[in-house]
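First comes the structure, then the notes that go with it.
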Amino acid sequence: MPRTVLTFGTFDVFHLGHLRIIERAASYGERLVVGVSADKLNLLKKDRLPVFSEDERLAIIAALKPVDEVFVEESLELKRHYIERYNADVLVMGDDWAGRFDEFSDICEVVYLPRTPAISTTALIEKISAT
Ligand code: C2G
């Protein structure tokens with residue numbers, strides 16, 4: 001049976017750290033589904049809107065070679081629902097989320113991967129603003 005991998009993220013101001021986690025997530029199975037967080041969810045979580053809208057972020061992620069399917073993640077509380085809806089065998093997250101999704105190990109494998117060092121959307125925004 002082909003294995004489905006699910007991962008989530010905002011993926012705002014797309015950078016190499018985002019690409020690396022998507023590539024590594026894809027290596028855990030044959031089908032990669034990505035939940036891209038909604039603008040509304042970002043506003044709630046980070047108190048600001050992303051630089052790129054959810055439609056733009058979805059289009060970028062959907063165009064990546066390792067990605068088979070994308071959807072909008074409407075709420076952080078719906079992880080179990082999304083895992084079931086997409087029949088995910090593996091949930092992959094960056095280790096900034098380590099331990100946070102262990103409760104789903106009853107229905108899928110939960111894997112945390114190390115973040116790519118020294119790159120982040122926040123640092124990029126600061127760098128661009130300073131130039
Ligand atoms: N990431 C990484 N290395 C970086 C930066 C990010 O591996 N240098 C990973 C994060 O660990 C995450 C993914 O890239 O797994 C997306 O990162 P963000 O866009 O910052 O995602 P976030 O806002 O944490 O949204 O339901 C969870 C949320 O949707 C996750």
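Both counts, for ligands and for their atoms, begin at 1 and track the order of listing.
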Inset, instruction - Could you work out the complete set of other residues in the hydrophobic cluster of Leu49, with links drawn between I, L, V, M, F, W and Y side chains under 4.5 Å apart? - result: Leu43

Inset, instruction - List, by chain and number, the other hydrophobic cluster members for Met1, where Ile, Leu, Val, Met, Phe, Trp and Tyr join if side-chain heavy atoms come within less than 4.5 Å, directly or indirectly. - result: none

Inset, instruction - Decide yes or no for Asp12 and Arg57: does some side-chain heavy atom of the first lie under 4.5 Å from some side-chain heavy atom of the second? - result: yes

Legend entry - Transitive ILVMFWY side-chain link Val110 to Leu113, under 4.5 Å: no

Legend entry - Within the 6.0 Å centroid threshold, strictly below: Phe52 and Phe14: no

Which atom pairs, nitrogen or oxygen on both sides, join ligand 1 and the protein at under 3.5 angstrom?
residue, atom, partner, partner atom, Å
ligand 1, 3 (N), Thr116, N, 3.1
ligand 1, 8 (N), Thr116, O, 2.8
ligand 1, 8 (N), Ile119, O, 2.7
ligand 1, 11 (O), Asp96, OD1, 2.7
ligand 1, 15 (O), Gly94, N, 3.1
ligand 1, 19 (O), Thr10, N, 3.1
ligand 1, 19 (O), Phe11, N, 2.8
ligand 1, 21 (O), Thr10, N, 3.2
ligand 1, 23 (O), Thr10, OG1, 2.7
ligand 1, 23 (O), Lys45, NZ, 3.4
ligand 1, 23 (O), Lys46, NZ, 2.8
ligand 1, 24 (O), Trp97, NE1, 3.1
ligand 1, 25 (O), Lys45, NZ, 3.4
ligand 1, 26 (O), Glu73, OE1, 3.1
ligand 1, 26 (O), Glu73, OE2, 2.6
ligand 1, 26 (O), Lys79, NZ, 2.6
ligand 1, 29 (O), Glu73, OE1, 2.6

Legend entry - Which residues share a side chain to side chain donor-acceptor pair (under 3.5 Å) with Thr4, sequence neighbours left out: Arg31

